[in-house]
Amino acid sequence: MANAGDDRRPKYQRIADTLREAIRSGEYGPGDRLPGENDLMATHGVARMTARQALSVLRDEGVAEARKGAGVFVREFRPLRRRGIQRLAQQQWGNGRSIWSTDIENRSLDVDQVTVSEEAAPDNVAAVLDLADEETVCVRRRRFVLDGKPVLLATSYLPASLVTGSAITQEDTGPGGTYARLAELGYKPVHFREEVRSRMPSQDEATQLGMSAGTPVILVCRTAFTAEGCPVEINEMTLDAASYILEYDFDA
């Protein structure tokens, strides 16, 4: 990365670097108001558009957020550390704990939107789950809210023939969640595969997650397999990139 003294860098980038460093050093803490456009214009001798672009960089990075009529503030939300391996251990869901408990520590995580339905399987889902023609899936759609901030949209697909009549078809699946219920049905997940991608959000995703303009989403698609290698669930997750740190901790 070029340093702040590199004259070839646009002025707004250098101003953004200065503000970012002030945040990192603690000069501006969570919830503090950053210098406004007029302040930056006077301090750095730049035009209003340049000052506006500098603040926009920090907003797009998720470092700062604009509050209508009040200014731009250092973001107070602390990113969620998603422990990609530990969270799926059987000792989690097998003992009645949510896999999310590994991530949230003592913070408040709520599922504020849940829908469960039986639908025709999308082509990609039918292919991975090896479904017969016309075979349907149980679809569980959820929105997760951490400390009052929407952070994740999740859609799970399970063969309807496996889960019909079980708690998986209810909004509340009970202690240990879907994987504990699959184990009770004789389809215990023992292996998981996750694929991770990133892109800009759709308008609907940005609205549901309350995202700042310019922030990408992280897409995580997880497939759960039984000991016999049978895929029993696909979970397509859309994460607010500014709200997450993806952590993978494993032995060599």
Side-chain angles (χ1 to χ4, degrees), residues 1-82 103-105 107-110 112-113 143-154 196-220 236-247:
M1 174 177 149
N3 60 56
D6 187 343
D7 289 340
R8 292 173 298 179
R9 285 175 61 75
K11 286 184 178 180
Y12 75 89
Q13 286 282 7
R14 282 181 271 154
I15 296 171
D17 289 346
T18 300
L19 291 172
R20 192 185 303 104
E21 183 56 37
I23 293 170
R24 287 175 179 166
S25 69
E27 181 178 344
Y28 299 105
D32 286 349
R33 184 181 184 278
L34 292 172
E37 293 176 8
N38 290 338
D39 298 321
L40 295 177
M41 291 167 60
T43 301
H44 298 278
V46 296
R48 183 173 300 278
M49 181 57 67
T50 301
R52 185 171 299 166
Q53 286 178 300
L55 292 170
S56 179
V57 168
L58 299 183
R59 292 199 306 273
D60 290 349
E61 292 176 353
V63 174
E65 59 186 0
R67 299 178 188 172
K68 191 171 182 179
V72 177
F73 295 76
V74 179
R75 198 174 187 206
E76 296 185 79
F77 183 83
R78 177 164 54 95
L80 178 64
R81 188 172 294 274
R82 183 182 188 272
D103 304 334
I104 63 174
E105 299 171 340
R107 302 170 72 182
S108 174
L109 179 72
D110 299 302
D112 75 335
Q113 296 177 9
R143 184 174 78 163
F144 293 79
V145 177
L146 181 69
D147 296 341
K149 165 73 174 70
V151 295
L152 167 71
L153 306 174
V196 181
R197 296 182 293 125
S198 182
R199 60 166 168 74
M200 299 308 295
S202 67
Q203 183 59 55
D204 181 59
E205 290 167 340
T207 299
Q208 288 196 68
L209 291 171
M211 298 174 63
S212 301
T215 303
V217 289
I218 300 170
L219 306 176
V220 180
E236 296 180 342
M237 293 162 275
T238 303
L239 291 64
D240 174 2
S243 297
Y244 274 90
I245 296 171
L246 305 187
E247 177 183 298

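- Applying the 6.0 Å contact sphere to CZ of Arg67 captures more than 12 heavy atoms from other residues, nucleotides or ligands.
- Every residue was checked against the side chain to side chain donor-acceptor pair (under 3.5 Å) condition with Glu21, not counting sequence neighbours, and none meets it.
- The minimum heavy-atom distance between Pro216 and Pro201, with the atom names listed, is CA-CD, 4.1 Å.
- The CE atom of Met49 lies 10.0 Å from the OG atom of Ser56; values are rounded to the nearest 0.5 Å.
- Considering Val74, Leu34, Val72 in turn, Leu34 is the only one that fulfils the side chain to side chain contact (heavy atoms under 4.5 Å, CB included) rule with Leu58.
- For the pair Glu205 and Arg199, the salt-bridge criterion is met [side-chain N within less than 4.0 Å of a carboxylate O].
- At a threshold of 4.0 Å, the pair Asp17-Arg20 counts as salt-bridged, since one of the basic side-chain nitrogens sits closer than that to a carboxylate oxygen.
- Partners of Thr43 under the side chain to side chain donor-acceptor pair (under 3.5 Å) rule, at least two apart in sequence or in another chain, do not exist in this structure.
- Taking all atoms of both residues into account, the shortest heavy-atom contact from Phe73 to Gly31 is CD2-O, 3.3 Å.
- When all heavy atoms of Tyr244 and Leu152 are compared, the closest pair comes out as OH-CB, 3.6 Å.
- Legend: residues meeting side chain to side chain donor-acceptor pair (under 3.5 Å) with Gln208, ordered by chain and number and at least two apart, are Asp204.
- Taking each heavy atom of Tyr12 and Thr50 in turn, the nearest pair found is CB-O, 3.4 Å.
- Listed here is the closest heavy atom pair of Pro35 and Leu40: CB-CD2, 3.9 Å.
- Side-chain atoms of Arg14 come within 3.5 Å of backbone atoms of Arg9 as a donor-acceptor pair (strictly under, hydrogens ignored).
- Of all heavy-atom pairs between Asn38 and Arg48, the closest is OD1-NH2, 2.7 Å.
- Side-chain atoms of Thr238 do not come within 3.5 Å of backbone N or O of Leu219 as any donor-acceptor pair.
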